[in-house]
Amino acid sequence: MGIASQDAVEQLSALIDQVVAVDLKLKHTFQNMHQGNPKHTLIRFLKAREWNVPKTNKMLVECFNWRIHNQIDDIFSKPITPVDLYRGIRDSQLMGLSGYSKQGIPVFAIGVGLSTFDKASVNYYIQSHIQMNEYRDRVVLPAASRKNGRYIGTCFKVLDMTGLKFSSLGNLKLVSLMATIDDLNYPEKTETYYIVNAPYIFTACWKVVKPLLQERTRRKIQVLDGCGRDELLKVMDYASLPNFCKRNGSGSSRDSSLDLDNCYSLNHPFHQELYSYTMQQARSKDPLIKQGSLHVDVPEPNPEGTEIMKTIRSELHKIGNQNGITHSLSGLQIDNL
């Protein structure tokens, strides 16, 4: 980190110290965010705002207020129950921890193409997404840091595009809401995005979206051939590969001969530990657990995200026109994101 970057960290640290010193709620939420590593948290937010201290200070304070207003610090006191509902969410919002890289960085797998988001309301899916973010930041990453004897604050994500088609793009709005939450409140938590099993519809959209991304974001995204197994084995052992990368050809994110090998399944150790942790936290707050989804206000997306959504919609219509299936795009209401 250069002298200018170090100066930015010191300036931002002084500003944030003034903010949290006069408000215990702000101090508490910042502690939950940094988990004993405030400097690394400040650097993440500075990177997200190109090292502009005033803009980063504004972003952080808005993040603090978002967390307090939506009770994010107590997100684990509000589990998704009953368990059958949560199982349905896991079966339709495909995400899980498949293992760790050779350097000890957590590897998360995401089934982009086969996630249907059709087993619960939008509020439940956003609640589940935030709970997984918080579990990653409060439990998974601190444990990885302790195990490896050094700070680990990011993860790898392997995005499986198997099954991505026009009908699944109706979920684009919900996915964009989650992305907005991550961009504004959990920035710079992903080291690298690995895209695997990419069909034509993805590669066509990627060509027009890639130039719109900031260089910092473009560097993080690697589109791999096929299931990406050979490239991924350079950074992780075979045991940590997502199950859909352990086959020679492209395959389903969802199907696996063993639930223990399918990191999306509620029976997988990661989700068992996450659900048990959530239930324990909830019972410590209130033995009588209430059912019901948690409503979280989603911040307004930044202009870059809005432009990307418009570009994706335009490209989809072009592809639809070429293939005579424009009618299948009529339900995609994503212009207002």
Side-chain angles (χ1 to χ4, degrees), residues 1-73 75 126 129-130 133-134 136-138 141-142 145 151-155 157 176-193 209-221 296-311 336-337:
M1 188 166 61
I3 296 176
S5 300
Q6 182 62 42
D7 287 345
V9 173
E10 293 176 359
Q11 292 174 35
L12 181 61
S13 180
L15 291 172
I16 295 302
D17 284 346
Q18 294 175 10
V19 171
V20 301
V22 297
D23 193 317
L24 290 178
K25 289 183 178 180
L26 294 178
K27 181 178 181 179
H28 175 65
T29 203
F30 187 41
Q31 289 174 337
N32 268 334
M33 290 171 62
H34 67 62
Q35 293 293 311
N37 294 280
K39 179 179 178 179
H40 288 94
T41 299
L42 297 181
I43 290 173
R44 286 196 297 107
F45 278 80
L46 279 164
K47 287 180 179 179
R49 288 296 176 265
E50 305 295 336
W51 298 93
N52 183 302
V53 174
K55 289 183 178 180
T56 307
N57 182 56
K58 180 177 182 292
M59 182 186 185
L60 260 171
V61 172
E62 288 176 349
C63 176
F64 293 163
N65 290 328
W66 175 81
R67 292 179 64 90
I68 293 170
H69 177 72
N70 293 286
Q71 302 179 333
I72 303 301
D73 296 305
I75 192 81
I126 291 178
H129 179 76
I130 295 174
N133 279 355
E134 291 292 314
R136 173 198 65 198
D137 293 352
R138 299 193 213 179
L141 290 172
S145 298
Y151 175 74
I152 295 178
T154 58
C155 63
K157 288 183 179 178
S176 298
L177 294 177
M178 295 176 185
T180 297
I181 289 173
D182 290 353
D183 289 344
L184 297 179
N185 300 288
Y186 303 93
E188 298 294 320
K189 297 299 295 188
T190 303
E191 190 83 13
T192 307
Y193 296 90
V209 168
K210 185 177 180 180
L212 300 177
L213 299 174
Q214 296 179 3
E215 178 60 28
R216 171 176 50 83
T217 302
R218 286 199 298 269
R219 287 197 301 266
K220 291 183 177 185
I221 300 173
V296 175
D297 293 335
V298 179
E300 288 294 321
N302 59 42
E304 179 191 34
T306 302
E307 183 62 27
I308 289 172
M309 288 300 104
K310 289 181 179 179
T311 302
N336 59 337
L337 292 179

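Note that the structure is a prediction, hence the values are computed from the model and not measured.
Separating the NE2 atom in H69 from the CG atom in D297 is a distance of 4.0 Å, to the nearest 0.5 Å. Interatomic distance, L42 CG to L60 CG, rounded to the nearest 0.5 Å: 6.5 Å. From Q6, atom CD reaches atom OG of S13 across 9.5 Å, with rounding to the nearest 0.5 Å. Atom CZ of R136 sits about 9.5 Å away from atom OG1 of T154, to the nearest 0.5 Å. One finds the OG1 atom of T41 at 10.5 Å from the CG atom of L12 (value rounded to the nearest 0.5 Å). For the atom pair CD1 (I152) and CG (L141), the distance works out to 8.0 Å, reported to the nearest 0.5 Å.
Taking 4.5 Å as the limit, every side-chain heavy atom of N133 sits out of range of all side-chain heavy atoms of N185. Under the 4.5 Å side-chain criterion, counting only non-hydrogen atoms from C-beta, V19 is not in contact with F30. By the 4.5 Å heavy-atom criterion applied to side chains, N32 and R138 are counted as neighbours. Side-chain atoms of W51 and I43, non-hydrogen and from C-beta on, do get closer than 4.5 Å to each other. Counting heavy atoms from C-beta outward, T29 and V20 have side chains that stay 4.5 Å or more apart. By the 4.5 Å heavy-atom criterion applied to side chains, R218 and K210 are counted as neighbours. Considering only heavy atoms from C-beta on, K157 comes within 4.5 Å of T190 through its side chain. In this structure, E62 and L184 have side chains that are not in contact, with every pair of non-hydrogen atoms separated by 4.5 Å or more.
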For the pair R49 and K58, evaluate side chain to side chain contact (heavy atoms under 4.5 Å, CB included) and give the outcome as yes or no after the intermediate values.
CA-CA 10 Å; R49 288 296 176 265; K58 180 177 182 292; over 6 Å; no
Do E134 and Y186 pass the side chain to side chain donor-acceptor pair (under 3.5 Å) test, and can you show the C-alpha distance, the side-chain angles, and the key distance before you say yes or no?
CA-CA 9 Å; E134 291 292 314; Y186 303 93; 2.6 Å; yes
Does the pair C63 and M33 meet the rule for a side chain to side chain contact (heavy atoms under 4.5 Å, CB included), with working shown?
CA-CA 10 Å; C63 176; M33 290 171 62; 3.8 Å; yes
Go through the steps to decide whether N57 and F45 satisfy the test side chain to side chain contact (heavy atoms under 4.5 Å, CB included), and finish with yes or no.
CA-CA 9 Å; N57 182 56; F45 278 80; over 6 Å; no
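T217 places no side-chain N or O within donor-acceptor distance of the main-chain N or O of L213, the cut-off being under 3.5 Å. Checking side-chain atoms of W66 against main-chain N and O of V61 turns up no donor-acceptor pair under 3.5 Å. A donor-acceptor pair under 3.5 Å is formed between the side chain of N52 and the backbone N or O of K55. Within the 3.5 Å criterion, the main-chain N or O of S176 finds a donor-acceptor partner in the side chain of T180. Between the side chain of R44 and the backbone N or O of P187, at least one donor-acceptor pair lies under 3.5 Å. N70 contributes no side-chain N or O that, together with a main-chain N or O of V296, makes up a donor-acceptor pair within less than 3.5 Å. Side-chain atoms of Q71 do not come within 3.5 Å of backbone N or O of I68 as any donor-acceptor pair. The closest donor-acceptor contact from the side chain of R216 to the backbone of K47 lies under 3.5 Å. The backbone N or O of K25 sits less than 3.5 Å from a side-chain atom of D23, completing a donor-acceptor pair.
Under a 4.0 Å N-O distance rule, the pair E188/K220 qualifies as a salt bridge. With respect to the salt-bridge test (charged N to carboxylate O, under 4.0 angstrom), the residues D137 and K189 qualify.
With hydrogens and angles left out, the side-chain atoms of D73 and H28 include no donor and acceptor closer than 3.5 Å.
Shown here is K27, whose NZ atom has no more than 12 heavy atoms of other residues, nucleotides or ligands within 6.0 Å.
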